[in-house]
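Any value given below was found using the heavy atoms of this structure, including those in side chains, with hydrogens, waters and symmetry copies removed.
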Amino acid sequence: MIDLVGPGSAHLAQIEQLMGVQIVHRGNTLVVHGEASSDAERVLNALYARLESGKDVNMGVIDALIRLRAEEDVEGTRDGDQEEMFPGPALEIRTRKKTMEPRTEAQKAYTRALLENELTFGIGPAGTGKTYIAVAVAVSKFITGEVDRIILTRPAVEAGEKLGFLPGTQDEKVDPYMQPLYDALNDFLPGKQLQKLREDKRVEIAPLAFMRGRTLSNAFVILDEAQNATTMQMKMFLTRLGQGSRMAITGDRSQVDLPRGVTSGLRDAEDLLIGVDGISFNYFTAKDVVRHPLVAKIITAYEAADDRREAERAAPREWRK
């Protein structure tokens, strides 16, 4: 019950806010008031069952569960009182520090694709877990011995601003661009072990430009921010794939930082390779955002604005007047 309620009743407060109910907590009893009280009770029972099975409950799990129910309401897929809130066997990726569970259906499909395919694309807006899940799968396969190395790379492209000359060594110059990859690795591997693996070159983090001329065998290779790779860079990267290796390519087509007029390698690769056997394309939307709930609303607002501008550009001149 303590874990269900959360620190300072934070979990109950989150359910109250998201579902529009009031939950009264007295000892080991919870009383729910409001129009959505029956739905809230089912969420609480599902979370309690999850805790009984030995899994944890946090803000992200609660948000994902309530969001799933909301989508079921819209799609009409609810199946009465017998519906299981966590149906089927859990899809989990185990690493040294934590166990990662995909939260949305798109994340589950993406995780299965990473486990089953040698080349997987994850395309969608920020905050949908594309890179995080790919790093988790890479660490899991490294731990089990399926691959000998993990190689993480991304284009060293500035996001709309010129930083100019950066002092320091080569590593110190490129580390700011690679920091999101460090953050993901630190979530799945102990710090000292990660440092030792980097010293032994069994875990590498490098700019995309450094991949030219290499053949990457028995490795799990992740290209992050692929929308900022040029067409030639993308071709160069894809042809690095060696025996026993797997590749994951992630990107957001709405955040291209390349100079105007330069074609994104991600869009080009999607046009050329979609439908090729052995290559999986997985797409995410604002519904799959697992950051703060406002992030999904922000992405939706920007997408709607882009659609309006596109429609205005396509409309005849008289209509625009």
N-O pairing of Arg103 and Asp288 below 4.0 Å: no
Within the side chain of Arg42, is there an N or O that forms a donor-acceptor pair under 3.5 Å with the backbone of Ser38? no
To the closest 0.5 Å, what do you measure between CG (Leu119) and CG (Leu238)? 6.0 Å
Inter-residue atom distance Ile23.CD1 - Glu16.CD, 0.5 Å rounding: 5.0 Å
Hydrophobic cluster membership, Met59 vs Val61, 4.5 Å side-chain cutoff: no
Less than 4.5 Å apart, side chain to side chain, heavy atoms only: is that true for Glu118 and Met247? no
Looking at CD1 of Ile279 and CG of Leu273, how far apart are the two atoms once the value is rounded to the nearest 0.5 Å? 4.5 Å
Is Met232 linked to Leu272 within one hydrophobic cluster, defined over Ile, Leu, Val, Met, Phe, Trp and Tyr using a side-chain heavy-atom separation of less than 4.5 Å? no
How far does CD1 of Ile123 sit from OG1 of Thr250, to the nearest 0.5 angstrom? 9.5 Å
same_hphob_cluster(Val24, Val5) at 4.5 Å side-chain heavy-atom cutoff: no
Close side-chain approach of Arg198 and Lys196, heavy atoms under 4.5 Å: no
With a 4.0 Å cut-off on N to O distance, would you call Lys98 and Glu92 a salt bridge? no
Are any non-hydrogen side-chain atoms of Lys97 and Pro190 less than 4.5 angstrom apart? yes
Between CG on residue Leu18 and CD1 on residue Ile66, distance to nearest 0.5 Å: 4.5 Å
With sequence neighbours left out, what residues match Glu146 under side chain to side chain donor-acceptor pair (under 3.5 Å)? Lys141, Thr144
Nearest non-hydrogen partners of Asn228 and Gln233, listed with the distance: O-OE1, 4.1 Å
Please tabulate, one pair per line, all N/O donor-acceptor pairs under 3.5 Å involving side-chain atoms of residues 214-223, not counting sequence neighbours.
| residue | atom | partner | partner atom | Å |
| --- | --- | --- | --- | --- |
| Arg214 | NH1 | Glu204 | OE1 | 3.0 |
| Arg214 | NH2 | Glu204 | OE1 | 3.3 |
| Arg214 | NH2 | Glu204 | OE2 | 3.2 |

If you measure from the Lys or Arg side-chain nitrogens to the Asp or Glu carboxylate oxygens, is any gap between Glu101 and Arg50 under 4.0 Å? yes
Please round to the nearest 0.5 Å and tell me the distance separating atom CD1 of Ile93 and atom CD1 of Ile133. 9.0 Å
Tell me, do Leu185 and Val135 make a side-chain contact under 4.5 Å, heavy atoms counted? yes
Hey, could you give me each pair passing side chain to side chain donor-acceptor pair (under 3.5 Å) that has a residue in residues 262-276? Not counting sequence neighbours. Arg253-Glu270, Glu270-Tyr283
If we ignore hydrogens and angles and just use 3.5 Å, is the side chain of Gln227 paired with the main-chain N or O of Asp252 as donor and acceptor? yes
Show me the pairs that pass ring-ring contact (aromatic ring centres under 6.0 Å, His included) and involve residues 127-150, at least two apart or across chains. Tyr132-Phe188
Under 3.5 Å, is there a donor-acceptor pair linking the side chains of Gln179 and Asp183? yes
Are side-chain heavy atoms of Val32 and Gln22 found at a separation under 4.5 Å? no
Residues passing the side chain to side chain donor-acceptor pair (under 3.5 Å) test with Gln107, sequence neighbours excluded, are none
Hey, does the side chain of Ser245 reach the backbone of Leu241 with a donor-acceptor pair shorter than 3.5 angstrom? no
Report yes if some heavy atom in the side chain of Ile249 is under 4.5 Å from a heavy atom in the side chain of Thr120; otherwise report no. no
Stepwise, does the side-chain hydrogen bond (donor to acceptor under 3.5 Å, both in side chains) test hold for Asn282 with Ser280? CA-CA 6 Å; Asn282 299 266; Ser280 174; 2.9 Å; yes
Leu197 versus Ile150: any side-chain heavy-atom pair under 4.5 Å? no
Under the ring-ring contact (aromatic ring centres under 6.0 Å, His included) definition, can you give me all pairs with a residue in residues 1-39, not counting sequence neighbours? none
For Ala126 against Val289, the heavy-atom pair lying closest together: O-CG2, 3.8 Å
Test item: Thr231 and Lys235 side chains (from C-beta on) under 4.5 Å apart, heavy atoms: no
